[in-house]
Amino acid sequence: MRRVVLAGRGELAEWRDAARAFAVAGILPEEIDWREKGEEADLAFQRDAMPPAPVMARKPMTVPPAFIELAETVLCHFDPARFSLLYRLLWRLQLDRQLLEVASDEDVARARLMAKNVRRDAHKMTAFVRFKEIDAVSAGRRKFLAWFEPDHHIVRRTAPFFQRRFTDMDWLIATPKGSAAWDGERLTMSDEPCEKPNLTDAADDLWRTYYASIFNPARLKLKAMQAEMPKKYWKNLPEADLIPGLIASAESKVRAMAAREATQSLPFHDRLQEAARSIPVEPEAPAGTLEALGAEAAYCTRCPLHAKATQTVFGEGPRDAEVMFVGEQPGDQEDISGRPFIGPAGRLLDQVISEAGIDRSTLYVTNAVKHFKYEPRGKRRIHQKPNMGEVKHCRWWLNLEMALIKPKLVVAMGATALAALTDTKQRLQDVRGKAIAIDEQRTLFVTVHPSYLLRIPDERLKAEELARFREDMLTIQRLMLAAG
């Protein structure tokens, strides 16, 4: 048995030189006892550790590049068995060049797990190192000290990250497994263990303020938080003393956030709403008129949708209109302008009703929901379908509109409008194109929303549905003539 003692501080060259010499000499993995310096107090480098002369008839040993990368990472692990594991993989790779691709292989799986643990430890170091200022500015540079307690030999591996990130200051990172220092010109490493310093500075309060400001109680998941920020690091993080209190108060803060949701708008929309309110308003309208109802709806807060919308988009049309068209909700352009059906869907509606001989100026056009519901996506606002709770809240305004206008024919465009007008969950296709008596004075006609036609990707189907929509408008035109 040949015994090899290595310093084992994550240096690839140290292990590689020894492994290469033994492999070329044909020494089998089970014939080598790999040790790490300091495992035994009286352990010394053995004379028989050096291999015999290479076997000349043996082919030179080669490995794929992936093994070098794997070995560099695994050698940073604390487990003394890492040396023999890598030598065994080196030996086996001479027989099977694809060995590292066999994820189920015990040696491969163990090596990859070690590498994963090392990478995770290095990531934690970059996330949880907290520098403390230890000296005044000298020659234009400030001096800082940090303490970290890694699980593995990652100081050499991770120090270049801090050099790139904090190149404009002098710093020292001390750990029980060595240290790294940067003086503006040279990155210096040491394998000598360090003792933990006792330091605090003004930046501790900044860390606490920052952490408290980004803590979101609504997204608190204890297991996930502790997986990303394990408790073993807490003692060295100034913000960690806030965590128990933040966790304890999370539930009450979530309730408070929910209570504010219906009245608190986003900053961006505060500015939009303020701009909308700056537009000159007409003199106060007499009570009981559409104008007065629209003015009242402008300040509606019956559901949370008002907080993100720019403004209420009320109905538009003559007070004595015999036909009322009801859509789903305003879109992006309607939300900005404050008028219904002026966007792409509105332009398509205007085109089709004009072809059917209907004058839009004689119609009252409105929506089941008066505020724009959307999901922000970059600079765009993507339409979201209102839920039944939001439809029911807004039915208050729709019923008042109908009571004032008293239309003889009501056209429901889309499933949301149908649900708002009938309070049922009928399938649109079951009642589309039919005239349904609501009461003795009023008839309901159901069709699709023009935005549905714009979203159809198949051109053939789109043409068919558009033709059917035109037929619906012709039917409405005939119903208008009959009612007149």
Side-chain angles (χ1 to χ4, degrees), residues 5-17 36-39 68-69 71-80 82-83 114-208 210-211 228-230 232-240:
V5 181
L6 303 178
R9 293 297 181 265
E11 285 283 351
L12 174 65
E14 178 191 41
W15 174 86
R16 181 193 59 203
D17 292 346
E36 186 171 330
K37 187 176 181 180
E39 283 187 70
I68 301 299
E69 181 180 349
E72 284 181 325
T73 307
V74 171
L75 286 168
C76 295
H77 203 277
F78 75 90
D79 191 344
R82 64 192 183 277
F83 305 123
M114 285 184 176
K116 180 180 179 181
N117 291 338
V118 169
R119 287 193 296 269
R120 179 177 175 81
D121 202 28
H123 170 71
K124 297 303 180 189
M125 183 172 177
T126 62
F128 297 137
V129 160
R130 297 289 184 266
F131 285 106
K132 315 286 184 179
E133 191 161 10
I134 59 173
D135 202 351
V137 176
S138 175
R141 296 177 65 83
R142 302 164 70 185
K143 296 184 178 181
F144 293 83
L145 172 65
W147 172 257
F148 187 71
E149 299 176 19
D151 292 330
H152 308 286
H153 303 289
I154 60 168
V155 177
R156 291 179 179 274
R157 180 185 181 89
T158 315
F161 165 85
F162 293 98
Q163 177 190 349
R164 294 190 300 271
R165 182 64 62 87
F166 303 108
T167 189
D168 61 338
M169 68 187 199
D170 296 346
W171 50 260
L172 169 68
I173 301 176
T175 82
K177 289 181 167 61
S179 62
W182 170 250
D183 63 4
E185 296 181 358
R186 185 173 64 252
L187 183 62
T188 306
M189 305 289 183
S190 172
D191 293 328
E192 293 299 318
C194 303
E195 293 187 2
K196 182 179 180 180
N198 185 18
L199 290 174
T200 59
D201 67 0
D204 288 355
D205 289 334
L206 291 177
W207 275 111
R208 294 186 185 96
Y210 169 73
Y211 190 77
E228 293 300 319
M229 190 179 187
K232 66 181 180 181
Y233 298 114
W234 289 15
K235 61 181 180 294
N236 297 319
L237 300 176
E239 66 269 29

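Just so we're clear, the structure is a prediction, and the values are computed from it rather than from any experiment. Each residue takes its place number in the sequence, starting with 1.
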Novice: Is the His77 ring parallel, tilted or perpendicular to the His152 ring (thresholds 30°, 60°)?
Specialist: tilted
Novice: Over 60° means perpendicular and under 30° means parallel, so classify the ring planes of Phe144 and Phe131, tilted if in between.
Specialist: perpendicular
Novice: Just verifying a value: how many Å separate Arg119 CZ and Thr158 OG1, rounded to the nearest 0.5 Å?
Specialist: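 Arg119 atom CZ to Thr158 atom OG1 measures 12.5 Å (nearest 0.5 Å).
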Novice: What distance separates Met125 CE from Asp121 CG, expressed to the nearest 0.5 Å?
Specialist: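 Answer for the CE-CG pair, Met125 versus Asp121, is 9.0 Å.
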Novice: Give the table of side-chain donor-acceptor pairs shorter than 3.5 Å for residues 9-16, with sequence neighbours excluded, one pair per line with atom names and distance.
Specialist:
unit_1, atom_1, unit_2, atom_2, d
Arg9, NH1, Ala7, O, 2.9
Arg9, NH1, Glu36, OE2, 3.2
Glu14, OE1, Gly8, N, 3.1
Glu14, OE2, Ala7, N, 2.5
Trp15, NE1, Phe83, O, 3.3

Novice: So, are Glu133 and Arg142 salt-bridged, with charged N and O less than 4.0 Å apart?
Specialist: yes
Novice: side-chain contact (heavy atoms from CB on, under 4.5 Å), that's the test. Do Val118 and Val74 meet it? Break it down for me.
Specialist: CA-CA 7 Å; Val118 169; Val74 171; over 6 Å; no
Novice: Under the side-chain contact (heavy atoms from CB on, under 4.5 Å) criterion, do Lys132 and Asp204 qualify, and how do the steps go?
Specialist: CA-CA 8 Å; Lys132 315 286 184 179; Asp204 288 355; 2.5 Å; yes
Novice: List in chain and number order the residues that pass ring pair (Phe, Tyr, Trp, His ring centres under 6.0 Å) with Tyr210, two or more places apart in sequence or in another chain; answer none if no residue qualifies.
Specialist: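 By the ring pair (Phe, Tyr, Trp, His ring centres under 6.0 Å) rule, Tyr210 matches no residue at all.
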Novice: side-chain contact (heavy atoms from CB on, under 4.5 Å) for Gln163 and Phe166? Distances and angles first, verdict last.
Specialist: CA-CA 5 Å; Gln163 177 190 349; Phe166 303 108; over 6 Å; no
Novice: Going by the salt bridge (Lys or Arg N to Asp or Glu O under 4.0 Å) test, which pairs reach into residues 188-198, not counting sequence neighbours?
Specialist: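 Sorted result for residues 188-198: Arg156-Asp191.
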Novice: Take a 6.0 Å sphere around NZ of Lys116 and say whether it holds more than 12 heavy atoms from other residues, nucleotides or ligands.
Specialist: no
Novice: Could you walk me through whether Trp182 and Thr167 satisfy the side-chain contact (heavy atoms from CB on, under 4.5 Å) test, starting with their C-alpha distance in whole Å, then the side-chain angles of each, then the deciding distance to 0.1 Å, before giving a yes or no?
Specialist: CA-CA 8 Å; Trp182 170 250; Thr167 189; 3.6 Å; yes
Novice: What's the separation between atom CZ in Arg82 and atom OG1 in Thr73, rounded to the nearest 0.5 Å?
Specialist: 12.5 Å
